[in-house]
Amino acid sequence: MKAAELSRIGPAEEVVICREIPDAPPPGKGEASIELIACSINPADILGIEGNYAAVPPVPSPLGIEGAGRVTAVGSGVKDLAVGDLVMSLHRANWSQSLTVPTAALVKLPPEIDPEQAAMMKVNAATALLMLKSYVTLKPGDWVMQNAGNSGVGTDVIKLARKRGLNTVSVVRRHELIKPLHDMGANVVVLEGPDLAARVSAATNGADIMLGLDAVAGTAVNDMAACLAEGGIIVNYGLLSGVPCTLDAHQVVFRDITLTGFWLAKLMRGMQPKQIRDMYAELGGYFIDGTLKVAVEARYGLDDIQKAMAHAKREGRNGKVLLRPNG
């Protein structure tokens, strides 16, 4: 069978290769085999491949944080999965035609969910949901601020916040992004730049914003802090600027602004299996009822993995790049 493999640390479009490897073994006790239908390519995948993530993968190694597929066989003692079930994989090496893994690494999905959407549910949607729930107790009518509002997580934040009755301020870099975010339910969309705090205050009628979600780092953190109410919390989950977070003493000492970090992989290691399944059941419902839907710009087979990597790295895409391991 075919699978993607990391040959060395370096540019993703050069170092990820498609290899023929032995077929996945039959499932043993407590295991299941799946055939992968769709896998997404995430920024975290590329950061790891290029040596810029917290956890750098060994070389050589299989790849792929996200994937969804169908169960093709189950081992002895397996009662909660059956052949034909649609599943999302929590395994972290999904860019393959098939896998055999413990059933604890699989989340059974409703049969009506789109497998491609399910292949994009593990990371971005969970990140958006947990950040909205875990740091500040928000009630309908409250405000949340974020930068990188047009990103995968950013658009999920807008949609989930609207579902929960929350208002959003989204900061973007380009004027042409404003209308699409308004159309999907964003309350306020502003361009980054000078006088951000004054413009946000004017647009929200001086609302107290207690939660800020930062994907940029660098000076964007301090810009966000100036927009938050006293005692507000900034959750940093990305490094799009490539430089460390900047938060000056005035915001920390005199305005009691807190900066904390979010890493989904670490948070999920502390969750019980039922908590994980309940979270994805909630998110699955949002994909089924249309609250969440992710645009797909392109699909590639594993034979074209390097073209897929190059496409996933392009700026200004209008959707995710997916792998279709089995065609």
Side-chain angles (χ1 to χ4, degrees), residues 1-6 16-19 21-49 53-75 77-78 80-109 113 115-127 263-281 283-284 302 305 308 312 320-326:
M1 70 174 184
K2 295 176 182 177
E5 182 179 273
L6 178 63
V16 180
I17 59 174
C18 178
R19 285 195 60 219
I21 64 172
D23 290 344
K29 183 178 181 180
E31 294 182 329
S33 296
I34 65 170
E35 180 179 273
L36 276 300
I37 298 173
C39 307
S40 75
I41 301 173
N42 272 295
D45 289 304
I46 293 173
L47 287 169
I49 288 164
Y53 203 55
V56 178
V59 177
S61 71
L63 295 166
I65 294 172
E66 288 189 300
R70 290 198 183 277
V71 176
T72 56
V74 296
V78 175
D80 54 347
L81 290 175
V83 173
D85 283 345
L86 183 64
V87 293
M88 184 188 74
S89 173
L90 300 177
H91 189 58
R92 294 182 68 85
N94 292 299
W95 296 351
S96 174
Q97 289 188 296
S98 63
L99 293 170
T100 296
V101 294
T103 58
L106 301 173
V107 176
K108 185 177 177 179
L109 298 170
I113 196 169
E116 287 194 339
Q117 295 295 310
M120 299 181 282
M121 183 169 70
K122 176 183 173 183
V123 176
N124 288 350
T127 295
W263 185 22
L264 180 66
K266 181 178 180 180
L267 192 65
M268 285 183 62
R269 284 198 291 268
M271 295 172 67
Q272 296 299 314
K274 184 179 185 303
Q275 291 177 292
I276 293 172
R277 280 162 174 74
D278 287 349
M279 175 178 69
Y280 286 116
L283 290 170
L302 290 174
I305 189 68
K320 293 281 282 188
V321 175
L322 296 185
L323 300 174
R324 297 287 304 226
N326 288 286

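FYI, side chains are in, hydrogens and waters are out, and symmetry mates aren't considered; it's all heavy atoms of this structure.
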In terms of heavy-atom contacts, Leu109 and Ala118 come closest through CD1-CB, 3.5 Å
Interatomic distance, CZ@Arg19 vs OG@Ser96, rounded to 0.5 Å, equals 11.5 Å
When every non-hydrogen atom of Leu99 is compared with those of Ser89, the smallest separation belongs to CD1-OG, 4.4 Å
dist Lys2:NZ -> Leu323:CG (nearest 0.5 Å) comes out at 12.5 Å
Taken to the nearest 0.5 Å, the spacing of Leu322 CG from Gln117 CD works out to 8.5 Å
Query - pair Glu5-Val16: side-chain heavy atoms closer than 4.5 Å - result: no
Are any non-hydrogen side-chain atoms of Met268 and Leu90 less than 4.5 angstrom apart?
yes
Contacts of Arg92 meeting side-chain hydrogen bond (donor to acceptor under 3.5 Å, both in side chains) (sequence neighbours excluded), chain-then-number -> none
Donor-acceptor contact below 3.5 Å, side chain Asn326 vs main chain Gln97: yes
- Check whether any side-chain N or O of Ser61 sits under 3.5 Å from a backbone N or O of Pro57 as a donor-acceptor pair, and report yes or no. no
pair Trp263-Thr127: side-chain heavy atoms closer than 4.5 Å: no
* To do: List the steps and the verdict of side chain to side chain donor-acceptor pair (under 3.5 Å) for Glu66 and Ser40.
  => CA-CA 6 Å; Glu66 288 189 300; Ser40 75; 2.4 Å; yes
CE of Met271 to CG of Leu264, rounded to nearest 0.5 Å, is 8.5 Å
To the nearest 0.5 Å, atom CD1 of Ile21 lies from atom OG of Ser98 at 7.5 Å
Report yes if the side chains of Asp278 and Lys274 come closer than 4.5 Å at any heavy-atom pair, otherwise no.
yes
Can you list the steps and then say if Leu86 with Ile113 is a side-chain contact (heavy atoms from CB on, under 4.5 Å)?
CA-CA 9 Å; Leu86 183 64; Ile113 196 169; 3.3 Å; yes
- [ ] For Ile17 and Ile305, run side-chain contact (heavy atoms from CB on, under 4.5 Å): C-alpha distance rounded to whole Å, both residues' side-chain angles, the deciding distance at 0.1 Å, then the answer.
- [x] CA-CA 7 Å; Ile17 59 174; Ile305 189 68; 5.5 Å; no
On a heavy-atom basis, the closest approach of Tyr280 and Ala126 is OH-CB, 3.8 Å
With a 4.5 Å heavy-atom cut-off, do Trp95 and Ile41 have their side chains touching? yes
Taken in chain and number order and not counting sequence neighbours, the residues that satisfy side-chain contact (heavy atoms from CB on, under 4.5 Å) with Ser33 are Pro27, Thr72, Ala73, Thr100
For Leu81 and Ala32, the nearest pair of non-hydrogen atoms, with its separation, is CD1-CB, 4.4 Å
Review point. Taking the side chain from Arg70 and the backbone from Asp85, do they hold a donor-acceptor pair closer than 3.5 Å?
Key: no
Worksheet item: Would a distance-only check, ignoring hydrogens and angles, find a side-chain to backbone donor-acceptor pair under 3.5 Å from Asn94 to His91?
Response: yes
Inset, instruction - May I have the step-by-step check of side-chain contact (heavy atoms from CB on, under 4.5 Å) for Leu106 and Lys108, ending in yes or no? - result: CA-CA 6 Å; Leu106 301 173; Lys108 185 177 177 179; over 6 Å; no
Rounded to the nearest 0.5 Å, the CE atom of Met121 sits from the CE atom of Met279 at a distance of 8.5 Å
_Do Asn42 and Lys122 pair up side chain to side chain, a donor and an acceptor below 3.5 Å, judged on atom types alone?_
no
* **Min side-chain heavy-atom separation Leu63-Asp45 under 4.5 Å** => no
Smallest heavy-atom separation, Pro325 atom then Leu36 atom, equals CG-CB, 3.9 Å
Pairing of Lys320 and Glu116 as salt bridge, 4.0 angstrom limit:
no
